[in-house]
Amino acid sequence: MSHTNCISTLLDLKDKNITFSKNCIQETQIKNVRSKLILGTLSFQPTHCYHCGHSFDSNIIKHGFKTSRIKLVKISGFDAYLDLKKQRYKCRHCDRTFTLETSLVNPNCFISTPVKQAIFLEASHKKSETDIARELNVSHSTVNRVIHSSYEEQPLPFNSLPKVLCFDEFKSVKSAEGAMSFIFCDASNGKLIDIVEDRRLSTLRTYFMRFSKAAREGVTHVVIDMYAPYMTLIKEVFPKAKIVLDKFHIVQLVSRALNKTRIRFMNQNKEFYNKFKHYWRLLLKAQEDLNATHYFYSNCFKKMISQQEIIDFLLALDPELKETYDFYQTVQQAIKLRNLEIFHHAIQHPSDLLSHEMKTALKTLTHYQDYVKNTIETPYTNGVLEGINNNIKVIKRIAFGYRSFYHFKARILIIHKYTFEQKKKRNQAV
Ligand SMILES: [Zn+2]
């Protein structure tokens with residue numbers, strides 16, 4: 001391996017036109033930091049004049065050098081720079097001069113491509129930008145710029161959309177237009193498609209109308225939580241899509257109603273206060289999961305008791321509580337077993353004794369029963385978004401509050417892309 005080859009391999013330089021002489025590595029103080037400085041030369045015969053485009057001939061002549069200092073990725077923990085002597089040429093056809101260009105840096109830029117790639121790679125991990133900047137010896141604004149540019153390079157394909165979409169929202173950064181930002185992904189694989197600053201109807205309508213009519217009409221299902229503006233939006237922009245309510249949110253609706261009923265009952269009946277307070281989780285537990293054979297000592301009951309006996313005791317105290325509990329269990333069962341008959345029977349023949357909290361929930365369920373039907377008849381859920389939402393929380397924490405929404409968004413997309421590809425690789429390996 002030649003001298004130049006060794007150094008090019010070490011620095012991972014792809015440009016074969018950069019050569020190195022024998023004593024090309026120096027140790028020196030740069031900006032008061034002990035650094036490694038490498039001296040290289042960029043020289044080759046250009047095919048044409050960079051200005052007028054005239055093909056190379058004897059009228060394009062060498063015209064000295066221009067040296068620029070380019071930031072490299074650290075070497076053995078030291079800041080590293082390349083002083084690159086770039087050959088200049090003079091073109092007699094247009095009477096102008098030009099300097100040779102290299103793939104190592106963009107013209108008029110002093111940060112090498114490997115450094116930019118390193119920034120991008122680091123940004124795909126859950127790491128703060130200040131840390132990335134320090135580790136790679138660049139400024140915070142360089143890190144910002146690279147994250148921005150990498151994200152702008154990937155425009156959305158406005159003529160295609162997945163068949164099944166998941167909609168969700170998350171609490172955004174302070175600078176964002178709306179308090180909640182909107183996020184949507186492909187239900188089949190959890191791939192994040194985009195983030196919209198503001199989840200309000202007018203913003204989302206404008207956003208989705210940018211997609212072609214064919215792309216929008218190709219959407220068959222959209223999974224959402226019970227947020228009415230999404231329903232209006234879907235009818236307008238995805239005319240052929242069925243609305244699917246997320247399973248988790250349906251169960252949450254009835255479990256909250258049951259919980260409110262319990263709390264009200266608990267406050268009205270102080271003698272059972274402790275029992276209701278202590279065993280609230282058991283009430284929400286699916287009935288078939290209650291253990292009837294294992295006995296344990298309960299301080300509230302002052303005796304050995306099973307989970308089943310506790311529930312039987314609490315429900316026997318009040319018929320309203322019992323009916324409310326049964327309704328909750330039935331709805332939960334219907335969703336879990338994906339049984340439409342059970343669900344319809346439950347909402348069509350409710351007990352008069354249901355608590356007023358549960359009656360409100362029932363009203364919502366009846367109102368949205370067509371969408372709940374879609375939930376029961378399809379396997380789609382918003383569960384795939386859970387990982388993304390966790391990532392968003394981490395990003396917010398490491399960034400100490402993003403000031404710019406677009407920056408925040410770029411970072412989410414980069415990290416998601418990275419984790420998504422890792423997951424894909426793992427799945428392929430299995
Ligand atoms: Zn020229």
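Side-chain atoms are counted along with the backbone in the values below, which use heavy atoms only and exclude waters and symmetry mates. Both counts, for ligands and for their atoms, begin at 1 and track the order of listing.
- At a cut-off of 2.8 Å, C91 is counted among the residues with an N, O or S atom near the Zn ion (ligand 1).
- A donor-acceptor pair is defined here as one N or O able to donate and one able to accept, closer than 3.5 Å; such a pair exists between the side chain of S112 and the backbone of K71.
- Between F238 and F208, a ring centre-to-centre spacing shorter than 6.0 Å is recorded.
- At least one N/O/S atom of C94, from backbone or side chain, sits under 2.8 Å from the Zn ion (ligand 1).
- Counted by atom type alone, Q333 and E288 present one or more donor-acceptor pairs between their side chains at under 3.5 Å.
- Between Y230 and Y227, the angle of the ring planes goes over 60°, which puts this pair in the perpendicular group of the 30/60° scheme.
- Among the atoms of H51, no N, O or S atom falls under 2.8 Å of the Zn ion (ligand 1).
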